[in-house]
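Chain identifiers are assigned alphabetically (A, B, ...) following the order of the sequence lines, protein sequences preceding nucleic acid strands; residue numbering begins at 1 within each chain.
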Amino acid sequence: MNQKAYITTPIYYVNDVPHIGHAYTTIIADTMARYYRLKGYDTFFLTGTDEHGQKIEEAAISRGRTPKEYADEISGKFKALWDEFEISYDKFIRTTDQEHKIGVQKAFSTMFNSGDIYKGEYEGHYCVSCETFFTDTQLIDENLCPDCGKETRIVKEESYFFKLSNYQEKLLKWYSDDEKCVLPKGKKSEVISFVKQGLRDLSITRTSFDWGVKLPDEINDPKHVMYVWLDALLNYITALGYGNDEKNMKYWPATIQLVGKDILRFHAIYWPAFLMSLGLPLPKHIAAHGWWTRNGEKMSKSKGNVVNPKEVADAYGLENFRYFMLREVPFGQDGDFSQKALIDRINSDLSNELGNLLNRIIGMSGKYSDFNISSKDVFDYHKKELTSVMEHIRLAETNLQDMQTNRYLEELWKALTIANQSITVYEPWVKMKEGDKEFAFATVAMVANILAKVSIVLHPVMPKTTQKIAKTLNFEISYDTYKKFIEDDSLLDDFKIEKIPPLFPKVEGELLNSPTPSVKEEIKKEEDSLITIDQFFQTKLKIGTILDATEVPKSKKLLKLRVDLGEEKPRQIVAGIKEFYSAESLLNTQVCVVANLKPAKIMGLVSEGMLLAAKDKEGLSLLRPQDSKKSGSSVG
RNA sequence: GGCAGGGUAGCUCAGCCGGUUAGAGCGCUGGUCUCAUAAGCCGGAGGUCGGGGAUUCGAGUUCCCCCCCUGCUACCA
């Protein structure tokens, strides 16, 4: 087989443990990899972890660990989960791997030598005490630091730059020449419009921290480490041996590079630009998927509603969970996880329509023919049904190749519906009574053949379950049987069906404790986050009287307020409350203000404080004293 | 503010170049078979197709205006 496929997931940043989003990306990628293997492609499937950068360095230090120790731990968690999920990766790359670092340096040299990298100066407003650069628009009153309010100065820091600006036209050409280079379409348009606005050269090295890949020796500039994104993106080729033993570079260019929608820009703009600079071909598809919400709400650690993929898989079955994620959501869209939806899918799609179908033919063949099934008359009696089934299967495959996993599964289930319908329409039990055994046997055999074909094409999603179905039908799923039953559309050889217990037992009720699987952890965190009274009083709260309120032009949410806090002059506070309060209604009313907040610049206006307010689904309410208090009264 | 994509049955959505009674799945509901995991199958109810205007013999489908949602982007104070 000459055809090759290369599937990648992003390498996951080790600042967080695996959650459902990681699992989703990885499972889609795994499904695609398994699909290409099934079709006989020489397939390489890559995943791994991204371990460099300032954030990791800091996280490690705060835990009293070295960055490497810390990265080892989290990286290990990812790998362990994927192993437990039986993810069929061919390589698990870590950006701390020696080969990776060598490959990155090699790539840097190549880009440097081709003139795409130059040393320059990053010039900006620098706050010495915060050790941070700010852009013009972040600054307060022209030159004050938005974090600490101190004066900033203009400082130049050395940096190497990548001439991204040179690639603007080439990128646009790629987008327009290759229709499916970025999926889904909607996301592609966003990328194009971003590029059309103009690309700036990219600062690709840092001198402010250490935890990263050093520049190549010949450049001899040890202060610099590479910016994490350059380092990270190159993993897709260093994993194939780029810059080292390049025998696996035969897999390049990638067939599908899966990413979450948040990191699409890096993959659809920077990454192809780097590749062009390296003189390498561009990936066939960059595919961005959406997020998972939980019962309609965004998942977040603070809400404690993060779905732990392992707990779900343990409770409901790994392959059921895989089916659910791929079936429930159109690719690219956000999806909602709820136990109800998952249970519905399992009971309705899997138990009733798939599992039960197998049981139906086990039952009939047992009663009518001592479990013997023969395809010999199937074409004579049921050509029409089989033709229709094959149409659905072909469509299913097309959808899968376009990453439309939900439509792919929908089409397969249409084939199952044909099988279920046929049984009621042709009523084999009636045919048996009438003595038309041949017809009855043919109907049972047709259904067996439909099950065989569907289980093969479903195999990438549910590897083990479909293999069990295949076994009862006396074959094994492989490239050979894919070719025989799908490509060549042959029928099953005569066989004796093997009786097995139901594949998908019904789920009677929720198997995970509400409200969330990780609730215990959250409670612990809350305890950890208790503060002392002294800490509380670090926040100075005061009662203020609103002297003046005006709408901020061109802003949906902002009102500009002048608030008397009993100080020499009133404060200017910009608050996002326009949707809930009109400017007039606020005049001369009192509010509770955080008085010692660092000033911030919001839409070009300095805001010297924050109003306290409570917000829920109904809207937002300002916190106010019950009776009028003197401006500047303290709250506590 | 700019750009893009949306607003169609209770829910999730499909409806291509304008053309007979607007579709699917889920949910709800009535019926029915018995091979099967009380599964399957058949039928039914349910829609001012965001609002208004225009073009047309005819518009969910084209054009204009407005409202609302989502995403990207911006700060032009």
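Computed from coordinates, the A/Glu190 CD to B/G5 P distance equals 11 Å when rounded to whole Å. Atom P of nucleotide B/C72 and atom CD1 of A/Ile269 are separated by 13 Å, given to the nearest angstrom.
Under the 30°/60° scheme for interplanar angles, the aromatic rings of A/Trp291 and A/His289 are found to stand perpendicular. Classified by interplanar angle (parallel below 30°, tilted 30° to 60°, perpendicular above 60°), the ring pair A/Phe162/A/Tyr167 is parallel. Ring pair A/Trp229/A/Phe266 is parallel by interplanar angle, where below 30° counts as parallel and above 60° as perpendicular.
Rounded to whole Å, the separation between the P atoms of B/U8 and B/G52 comes to 15 Å. Nucleotides B/C66 and B/G60 place their P atoms 22 Å apart, quoted to the nearest Å. Here the separation of B/A14 from B/A9, taken at their C1' atoms, is 13 Å to the nearest Å.
Dashed line: the shortest gap from a side-chain N or O of A/Asn356 to OP1 or OP2 of B/G40 is not under 4.0 Å. Taking only side-chain nitrogens and oxygens, A/Gln421 comes nearer than 4.0 Å to OP1 or OP2 of B/C42. In this structure, A/Gln333 reaches the B/C13 phosphate: one of its side-chain N or O atoms is under 4.0 Å from OP1 or OP2.
Backbone-only engagement by A/Tyr368 is indicated by non-hydrogen atom pairs under 4.0 Å involving sugar-phosphate atoms exclusively. Residue A/Glu508 is out of contact with every strand shown, counting any heavy-atom pair closer than 4.0 Å. Contact annotation for A/Glu328: no contact, since no heavy-atom pair falls under 4.0 Å across all strands. A/Glu427 comes within 4.0 angstrom of sugar-phosphate atoms only, judged by non-hydrogen atoms across all strands, and of no base. As judged by a 4.0 angstrom heavy-atom cut-off over every strand, A/Gly186 is placed among residues making no nucleic acid contact. A/Pro428 comes within 4.0 angstrom of no nucleic acid atom, judged by non-hydrogen atoms across all strands. Residue A/Ile362 is out of contact with every strand shown, counting any heavy-atom pair closer than 4.0 Å. Residue contacts shown for A/Lys196 are absent, as no nucleic acid heavy atom lies under 4.0 Å away. Nucleic acid contact class of A/Lys506 (heavy atoms, under 4.0 Å, all strands): base.
Listed candidates were B/A74, B/A36, B/U34. Nearest to the side chain of A/Arg360 is B/A36. Checking B/A36, B/C33, B/U37 against the side-chain heavy atoms of A/Thr424 singles out B/C33 as nearest.
Within the cation-pi definition used here (under 6.0 Å to the ring centroid, within 45° of the axis), A/Lys496 does not qualify as a partner of A/Phe371. Cation-pi geometry between A/Lys437 and A/Phe441 is not met at under 6.0 angstrom from the ring centre and within 45 degrees of the axis.
In this structure, A/Trp429 forms an aromatic stack with the base of B/C35, since both conditions hold: centre separation below 5.5 Å and plane angle below 30°.
In this structure, the side chain of A/Glu385 does not engage the main chain of A/Ala419 through any donor-acceptor pair within 3.5 Å.
The partner of B/A24, taking Watson-Crick or G-U wobble pairs whose two distances both stay under 3.5 Å, is B/U12. B/C63 is paired with B/G53 under the Watson-Crick or G-U wobble criterion, all donor-acceptor distances under 3.5 Å.
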